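These numbers come from a predicted model, not from an experiment.
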Amino acid sequence: MNLQAIKVIFQYEMLRTWDTLFQSIVSPVISTSLYFIVFGSAIGSRIQSIDGVSYGLFIVPGLTMLSLLTQSISNASFGIFFPKFTGSIYEIHSAPISFFEILVGYVGAAATKSLIIGFIILLTASFFVDLNIAHPLWMLTFLILTCISFSLFGFIIGLWANDFEKLQVIPLLVITPLVFLGGSFYSVNMLPPFWQTVTLFNPVVYLISGFRWSFFEVSDVSVGISLAMILVFLTICIVIVGWMFKTGYRIKQ
Amino acid sequence: MQAIVSINDLSKTYQSGFQALKKINLDIAKGEILALLGPNGAGKTTLISIICGIVSPSSGTVTANGHDNVIDYRKTRELIGLVPQELTLGAFDTVWNTIQFSRGLFGKKKDKTYLEQLLKDLSLFDKKNHELRTLSGGMKRRVLIAKALSHEPEILFLDEPTAGVDVELRKDMWNIVRRLRESGVTIILTTHYIEEAEEIADRIGVISNGELILVEDKQTLMHNLGKKQLIVELKEAVSSLPQSLATYDLTLSDDGNKLTYTYDTMSDSTGITALLQNIHNAGLALKDLQIKQSSLEDIFVDLVKEGG
């Protein structure tokens, strides 16, 4: 095990965060604050509470997930795509390092960064609403699992993409709609029955529902199913990455 | 010869169907400088990339220090440093961060003293905290060398190290190469500046169309394939060669002032004495004599022509 290599990849990626501080940390804080001002305070005050939770409070878990998902994907995909783009990836290929170690370094850094952003958003939210977390340990579990799963997913996108357009297309065209339609801003129960069924095919619903349960003990689907779904997604990502490494798909000529 | 790198029946066919290497066999001796010559697209970079682990071979094996470079990749890659042909560097990190990153990737612990000395040797120390994107092409080339040497490799690959590099850097580079060789590092370089291979290499390999058409000690190569030319300058120009000189391999220059005689240094008799006698007998007066020995470049061009 080349621990030194994992360490430098991790540090290098974290350093990149520090260098692009505004983009990586300040911007999610600002956008979250805007959501709270608009939906939480301005509009939210005229919306009745959902399942006994005030609207401003209700959207906290969904908003956190929105940032977490997009940040995890963009961090991890960019981290591995950029060396491919500049060509400096030759060094990683020629180093005494296994694919697994590369993965741990890049995905570990992206997930850590997302986790930090998640905490910052929750902290920001606590300035706008009175935040009480019913099950902190469960919340942490959901948070960590989501960061790892979606960083892995981002890593796959970064390996697969061979231009900047492909790098952007999945986060923009797939993830954002899934999060918005995944119950970030509403309860699935508020939808007509047909759309409720359709919504259940959206994996993000389970993430947000489980995460929300850890705060308020209210959820759209049972928390066990939520947990199972995120583990399934994690497993799928691991299998895909494993296959890519084994076959060298888009990695090695 | 104690081989530090052994290449056996190595072939590579890319997915496009292009066969870049055809059954290459080559042993590289510990501590030598081997220059690989060949026209663009001959397969030099593919060969280096396979040894370093960047490209997978289609068939054949490579061992470094006795370890297979696929099975025991950690052991072989630790030994090897690579300076790629293209200026493939990140953009926003500093010189210092990037060489620390390289050292760590190869599993070595931080060593400030070594890395600082390395930067000083490469005249990069004052650029230590500069971002890579702000450096000139020559400086980037130096950074690539620093990265390759950051983990103290025993084998160094330099892929076209002097392409697009100014005279000063080229001199620096060869000084570094000599120093590295003195410290026991084995160096394999590709170049199309043949005079450099001639100056610095111990052995020369020529690759053409994916085949290693020749590997030879430089001196032997020059000796075996070397041709000499005797150029005879005449006092008065002639319009054609005198009949009595027709048996010699002579060419007359366009202005009729010079006769060029090509001969083999290895043959028993070069025929120079008789030729000069005959020129005198033909009534031609000599103004001057010159002798030209074919350079490695001429040898190389001949070889590739034959190979192609």
Side-chain angles (χ1 to χ4, degrees), chain A residues 1-24 75 78-106 108-109 158-159 162 164 244-253, chain B residues 12-16 18 20 45-46 48-58 69 72-94 97-110 131-133 143-144 147-148 150-151 153 157 159:
Chain A
M1 195 81 158
N2 188 346
L3 290 175
Q4 202 67 32
I6 297 177
K7 194 173 123 193
V8 290
I9 293 176
F10 186 88
Q11 283 174 340
Y12 184 88
E13 285 298 298
M14 293 310 280
L15 197 70
R16 202 163 54 82
T17 312
W18 197 248
D19 287 343
T20 53
L21 192 67
F22 190 81
Q23 186 199 330
S24 16
N75 285 333
F78 192 78
I80 190 70
F81 175 80
F82 197 62
K84 268 182 24 173
F85 177 72
T86 61
S88 59
I89 191 128
Y90 81 88
E91 197 177 17
I92 289 172
H93 283 324
S94 63
I97 174 168
S98 69
F99 286 131
F100 178 71
E101 288 154 2
I102 298 173
L103 188 75
V104 172
Y106 278 102
L159 280 179
N162 41 21
F164 274 100
M244 280 176 129
F245 281 172
K246 207 166 178 192
T247 58
Y249 175 78
R250 294 267 169 107
I251 298 171
K252 220 171 179 183
Q253 284 177 307
Chain B
K12 174 68 185 178
T13 307
Y14 284 104
Q15 270 179 352
S16 62
F18 174 68
T45 300
T46 301
I48 287 184
S49 301
I50 291 177
I51 302 172
C52 294
I54 298 169
V55 172
S56 309
S58 302
N69 85 327
D72 273 334
Y73 69 94
R74 284 187 203 267
K75 282 183 182 145
T76 63
R77 292 184 194 177
E78 267 170 14
L79 297 171
I80 296 174
L82 165 68
V83 181
Q85 187 174 345
E86 310 284 337
L87 296 175
T88 42
L89 280 172
F92 304 106
D93 26 345
T94 62
N97 284 341
T98 199
I99 60 167
Q100 277 203 310
F101 178 73
S102 301
R103 187 176 167 88
L105 265 191
F106 282 78
K108 292 259 174 146
K109 288 220 160 59
K110 281 186 182 174
E131 277 189 15
L132 295 172
R133 66 192 167 125
V143 173
L144 285 171
K147 279 167 81 75
S150 66
H151 65 280
F157 286 88
D159 197 358

Practice prompt. Name the orientation class of the two ring planes belonging to F82(A) and F92(B) (parallel below 30°, tilted from 30 to 60°, perpendicular beyond 60°).
Written response: parallel
Worksheet entry | Contact residues of residues 80-88 of chain B (partner chain A; heavy-atom separation under 4.5 angstrom) | L82(B), P84(B), T88(B)
Item to complete: Using the side-chain contact (heavy atoms from CB on, under 4.5 Å) rule, take I9(A) and F101(B) through it: C-alpha gap first, then chi angles, then the decisive distance, then the call.
Response: CA-CA 7 Å; I9(A) 293 176; F101(B) 178 73; 4.0 Å; yes
Shortest non-hydrogen contact from [X] to [Y]?
X      : Y       : answer
L89(B) : T86(A)  : O-CB, 3.5 Å
V8(A)  : Q100(B) : CG1-O, 4.2 Å
S94(A) : I54(B)  : CB-CG1, 4.1 Å

Worksheet item: Given that the side chain runs from C-beta out, which part of L15(A) has a heavy atom under 4.5 Å from chain B: side chain, backbone, both or neither?
Response: side chain
Item to complete: Identify which of H151(B), K75(B), R77(B) forms the greatest number of heavy-atom pairs closer than 4.5 Å to chain A.
Response: R77(B)
Discussion item. I need the residue from Q15(B), K108(B), R103(B), K110(B) with the largest number of non-hydrogen atom pairs under 4.5 Å to chain A.
Written reply: K108(B)
Worksheet item: In this structure, are over 12 heavy atoms from other groups packed under 6.0 Å from F85(A) atom CZ?
Response: no
Worksheet entry | Atom CZ of F164(A): over 12 foreign heavy atoms under 6.0 Å | yes
Worksheet item: Can you name the ring-ring contact (aromatic ring centres under 6.0 Å, His included) partners of Y90(A), sequence neighbours left out?
Response: none
Response to the item:
Scored by heavy-atom pairs under 4.5 Å with chain B, the best of A95(A), S88(A), A5(A), G105(A) is A95(A)
Worksheet item: Does some side-chain heavy atom of Y12(A) sit less than 4.5 Å from a side-chain heavy atom of T98(B)?
Response: no
Discussion item. Quick one, H93(A) and C52(B) - any side-chain contact, counting heavy atoms below 4.5 Å?
Written reply: no
